[in-house]
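Below is one structure, written out as structure tokens; the observations come after it.
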There are 4 protein chains.
Amino acid sequence: METKTFSENPPAAAGSLKERQRQERVELILEAAEEVMAEKGYYEMSMDEIAARVGIAKGTIYLHFPGKEDLFIALFKRGLTSFLSGIARIASQPLSATERLKLILMQAYDEHRKKQSQVFMAVFSGGNMRKETVLKQLQMREYLKELASYISKILEDGKATGEFDGSIQTSVMLTAFLSLLNRPHYEEMLGEASFSAEELADQVGRVYLHGISGK
Amino acid sequence: METKTFSENPPAAAGSLKERQRQERVELILEAAEEVMAEKGYYEMSMDEIAARVGIAKGTIYLHFPGKEDLFIALFKRGLTSFLSGIARIASQPLSATERLKLILMQAYDEHRKKQSQVFMAVFSGGNMRKETVLKQLQMREYLKELASYISKILEDGKATGEFDGSIQTSVMLTAFLSLLNRPHYEEMLGEASFSAEELADQVGRVYLHGISGK
Amino acid sequence: METKTFSENPPAAAGSLKERQRQERVELILEAAEEVMAEKGYYEMSMDEIAARVGIAKGTIYLHFPGKEDLFIALFKRGLTSFLSGIARIASQPLSATERLKLILMQAYDEHRKKQSQVFMAVFSGGNMRKETVLKQLQMREYLKELASYISKILEDGKATGEFDGSIQTSVMLTAFLSLLNRPHYEEMLGEASFSAEELADQVGRVYLHGISGK
Amino acid sequence: METKTFSENPPAAAGSLKERQRQERVELILEAAEEVMAEKGYYEMSMDEIAARVGIAKGTIYLHFPGKEDLFIALFKRGLTSFLSGIARIASQPLSATERLKLILMQAYDEHRKKQSQVFMAVFSGGNMRKETVLKQLQMREYLKELASYISKILEDGKATGEFDGSIQTSVMLTAFLSLLNRPHYEEMLGEASFSAEELADQVGRVYLHGISGK
DNA sequence: GATGAATGAGCATTCATTCAT
DNA sequence: CATGAATGAATGCTCATTCAT
């Protein structure tokens with residue numbers, strides 16, 4: 001897809017050399033921003049520090065992003081997109097709905113993607129940014145809806161096959177699932193031992209699927 | 001001689017007039033701060049705006065709180081304490097563990113307490129503040145542990161009576177429960193219709209207790 | 001002397017009870033202010049701290065002094081007056097000009113009066129306060145002139161008796177003498193051992209009187 | 001190819017264009033600060049006013065100095081260094097100790113250097129700043145000691161040649177000399193006519209060297 | 001008279017954003 | 001294009017002064 005129609009610059013067709021370099025730059029910036037964001041959160045992420053980590057001048061960031069908020073939005077989209085692509089892959093696998101949900105949990109808890117998740121989970125869990133900032137960006141909604149629809153689809157699938165309880169509203173199931181996705185950090189606050197991604201996914205999966213009730 | 005009665009020193013229970021007024025002021029400030037905090041989050045909550053909303057001078061806030069962080073801490077404690085008192089009441093009722101959890105969910109989703117919850121939920125969900133700020137305050141940990149212990153107690157009770165599945169770790173149950181407590185705002189993001197507190201509590205409660213699986 | 005014509009208050013002739021108490025208050029405030037001033041200097045001397053040290057309310061200070069500057073002025077006058085009375089006593093003694101100067105030096109270096117001296121020496125050595133603050137107060141000039149005149153008188157006396165060199169202008173002698181009066185604190189900066197008041201007065205006196213030249 | 005010449009790194013001797021401009025800016029700021037400092041003292045020297053006088057934005061100052069204190073320290077060092085360089089030149093001249101002291105006095109009284117002297121004299125005369133501020137900066141001590149050592153050296157020289165009285169402690173001589181260095185402003189307070197630097201140096205020199213005693 | 005809570009102007013400092021080079 | 005010096009609005013905080021009680 002990605003039919004970019006931006007190449008109107010005089011010099012050339014913005015071939016692939018320049019463009020590739022440009023994309024690289026953007027990528028580096030996002031990576032650094034992600035790092036800082038994960039370490040310090042939105043408000044303590046300074047453009048200076050990002051630039052410094054990339055090794056470019058502060059002004060250069062503004063060549064690629066109109067402002068700090070926009071950089072964050074990009075970060076968010078990137079994280080979500082990456083997450084989504086994983087979800088999409090999982091969603092399309094010929095597995096039971098149950099299996100697919102478990103895989104998604106595992107992906108969410110995966111340390112590897114942690115930083116990226118952190119960025120958009122931060123938005124989910126609220127309080128982290130001016131809400132307008134985030135919501136004003138309509139595209140974000142679209143991405144979120146896409147995420148929601150993938151999961152809803154799985155939930156509906158499950159209902160159809162009888163795997164899941166048809167009497168519970170899908171939106172509630174979805175909501176609860178999303179809540180559980182955000183790898184909890186109460187652990188650290190409460191001083192509990194951390195679980196591995198697998199363990200956590202397994203146990204949380206059991207709660208989500210079968211509840212905490214004894215039979 | 002010096003037959004001092006019990007209320008002559010200014011700092012402590014200084015009669016009731018001054019002290020009452022003082023408490024009122026503090027309350028007003030906290031209320032305004034809570035509002036701003038809920039609207040904009042910690043970093044965009046400015047002392048100026050709080051003062052303006054209360055209708056007092058900026059300096060007055062500093063008569064009651066040493067600084068912005070302390071004001072936040074107070075806010076946090078206030079929210080958590082209020083929440084905790086509800087939890088404590090519920091926890092002590094002669095109800096089944098299951099019933100008690102449901103009541104707690106209802107309390108958490110109650111619109112009335114929403115803003116207060118938001119403040120300390122914000123801390124839960126992280127990213128909102130410099131972690132040091134929050135964690136340096138040891139009492140906070142204590143309060144959080146108290147919350148955790150109330151809920152853990154109920155969970156253990158349930159396990160003992162056979163209501164809950166003894167093969168799932170209490171810490172996981174707890175973690176999942178806390179995650180679900182935070183009234184989800186994906187709703188608004190996803191444009192879904194909101195549920196009432198009762199409905200939400202009921203449905204989420206079902207998921208938490210019995211899972212989403214069909215029988 | 002002190003023929004105060006301020007007693008026009010309705011209640012009474014502002015007898016001596018009220019007035020005495022009033023003077024006591026003023027004295028206590030000045031004492032505390034002097035202390036703080038000596039410890040922290042003008043700008044870090046806060047009305048709050050002074051009030052706290054006296055054990056009165058901040059507002060009460062304003063019943064006796066129109067403002068911080070005025071309090072300082074009073075402090076200055078008090079120190080200078082006290083110093084002056086010493087000078088006056090010394091000046092009037094039937095001693096040689098030389099002896100009298102030595103006594104003045106000793107008084108200046110006397111640890112006992114240190115705090116009081118510090119206050120007005122601070123003005124001398126400049127930089128400590130907005131110059132206008134000090135100079136706007138014309139009376140200060142008068143007091144300073146009085147100090148200058150006492151010393152000039154001694155210097156002239158000395159010239160008359162041949163004790164002092166008539167070819168050096170009195171104003172220079174005066175200026176140099178005043179400079180030497182301010183007990184130096186380079187000592188502490190330079191890490192030198194401090195002298196006692198006597199030693200210092202003696203040695204500085206020798207320099208001032210006979211110069212550092214070998215004969 | 002990258003035929004880098006010897007001056008490509010920004011931080012260090014970055015060529016001469018940028019660096020020169022930078023030094024100019026720093027110089028302008030220091031000059032303005034010096035002015036304000038001389039007029040109002042440390043506490044009433046506001047960053048705003050300095051910026052305004054230079055004609056730059058407030059933030060720009062912080063590009064060159066980490067904070068107000070540091071700006072002051074720089075000011076102090078600058079004044080003292082400048083003064084010291086003069087002293088060093090004088091001290092090394094093949095003149096009698098007496099002559100050298102006179103030259104130093106002249107330099108100190110020179111109107112031209114007045115403002116610069118004022119800054120570090122302000123530190124000398126104390127009261128002007130939180131003592132910690134100044135003394136915490138160890139280098140300051142070093143500079144002061146260097147000044148003291150230059151003068152002590154001259155004094156010792158004089159004693160060795162018999163010019164000066166060997167029975168007076170060098171530290172006292174030094175202390176007295178430093179006191180006299182601070183061009184007295186009692187003049188202005190006392191309304192006396194000011195002397196020219198030469199006259200003043202000459203007369204004060206006579207006092208310092210030979211004392212005020214008539215033979 | 002006292003009090004001390006309230007005021008609000010003033011200040012140092014930060015940082016996203018701009019723009020001349 | 002890239003740079004990074006410059007900007008200036010915004011913010012937390014202090015403290016002399018006022019005034020209702």
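Protein chains get the first letters and strands the later ones, always in sequence-line order, with residue 1 at the start of each.
When Watson-Crick and G-U wobble pairs are counted only if both distances are under 3.5 Å, E/dT21 pairs with F/dA2. With a cut-off of 3.5 Å on both pairing distances, the Watson-Crick or G-U wobble partner of E/dC11 is F/dG12.
C/Ile56 has its side chain within reach of C/Ile29: a pair of non-hydrogen atoms, C-beta onward, lies under 4.5 Å apart. The side-chain heavy atoms of A/Glu35 and A/Glu39, taken from C-beta on, include a pair separated by under 4.5 Å.
Contact annotation: A/Thr60 side-chain N/O to F/dT3 OP1/OP2 distance is under 4.0 Å. Regarding contacts with the backbone of F/dC1, every side-chain N or O of A/His64 stays at 4.0 angstrom or more from both OP1 and OP2. Contact annotation: A/Ser46 does not reach the phosphate of E/dC15 (side-chain N/O to OP1 or OP2, under 4.0 Å).
Ring-plane geometry between A/Phe72 and A/Tyr42 is classed as perpendicular, the angle between the planes exceeding 60 degrees on a 0 to 90 degree scale with a lower cut at 30.
Here the CE-CZ distance, from B/Met37 to B/Phe76, works out to 10.5 Å after rounding to the nearest 0.5 Å.
Residue D/Tyr43 contributes atom OH, which lies 13 Å from atom C1' of F/dT14 at whole-angstrom precision. Between D/Lys18 atom NZ and F/dT3 atom C1' the separation is 7 Å, expressed in whole Å. Rounding to whole angstrom units, CG of residue C/Leu28 and P of E/dA2 are separated by 12 Å. In this structure, C/Met47 places its CE atom 12 Å from C1' of F/dT18, rounding to the nearest Å. Summarising the geometry, the separation between OH on A/Tyr62 and P on F/dC1 is reported as 19 Å, rounded to the nearest angstrom. Atom pair B/Tyr42:OH and F/dT11:P shows a separation of 13 Å (rounding to whole Å applied). Atom-to-atom, CD of A/Gln21 to P of F/dA2 comes out at 8 Å; the value is rounded to the nearest Å. If you measure from atom CD of A/Glu49 to atom P of E/dT14, you get 15 Å, rounded to the nearest angstrom.
The base of E/dT17 sits within donor-acceptor range of the side chain of A/Lys58, with an N or O pair under 3.5 Å.
Between B/Leu63 and C/Pro66, it is B/Leu63 whose nearest contact on DNA chain F lies nearer the 5' terminus. When the nearest nucleotides of DNA chain E are assigned to D/Asp48 and A/Gly67 by heavy-atom distance, the more 5′-ward of the two goes with D/Asp48.
The backbone N or O of D/Ala52 lies less than 3.5 Å from no partner atom in the side chain of D/Lys58, so there is not a single donor-acceptor pair.
B/Arg25 comes within 4.0 angstrom of the backbone, heavy atoms only, and of no base. Among the protein residues, A/Ile56 comes within range of the sugar-phosphate backbone only, with heavy atoms under 4.0 Å from sugar or phosphate atoms but none that close to a base.
When the nucleotides E/dG8, F/dT3, E/dG1 are ranked by their closest atom to the side chain of A/Ala57, F/dT3 comes out on top.
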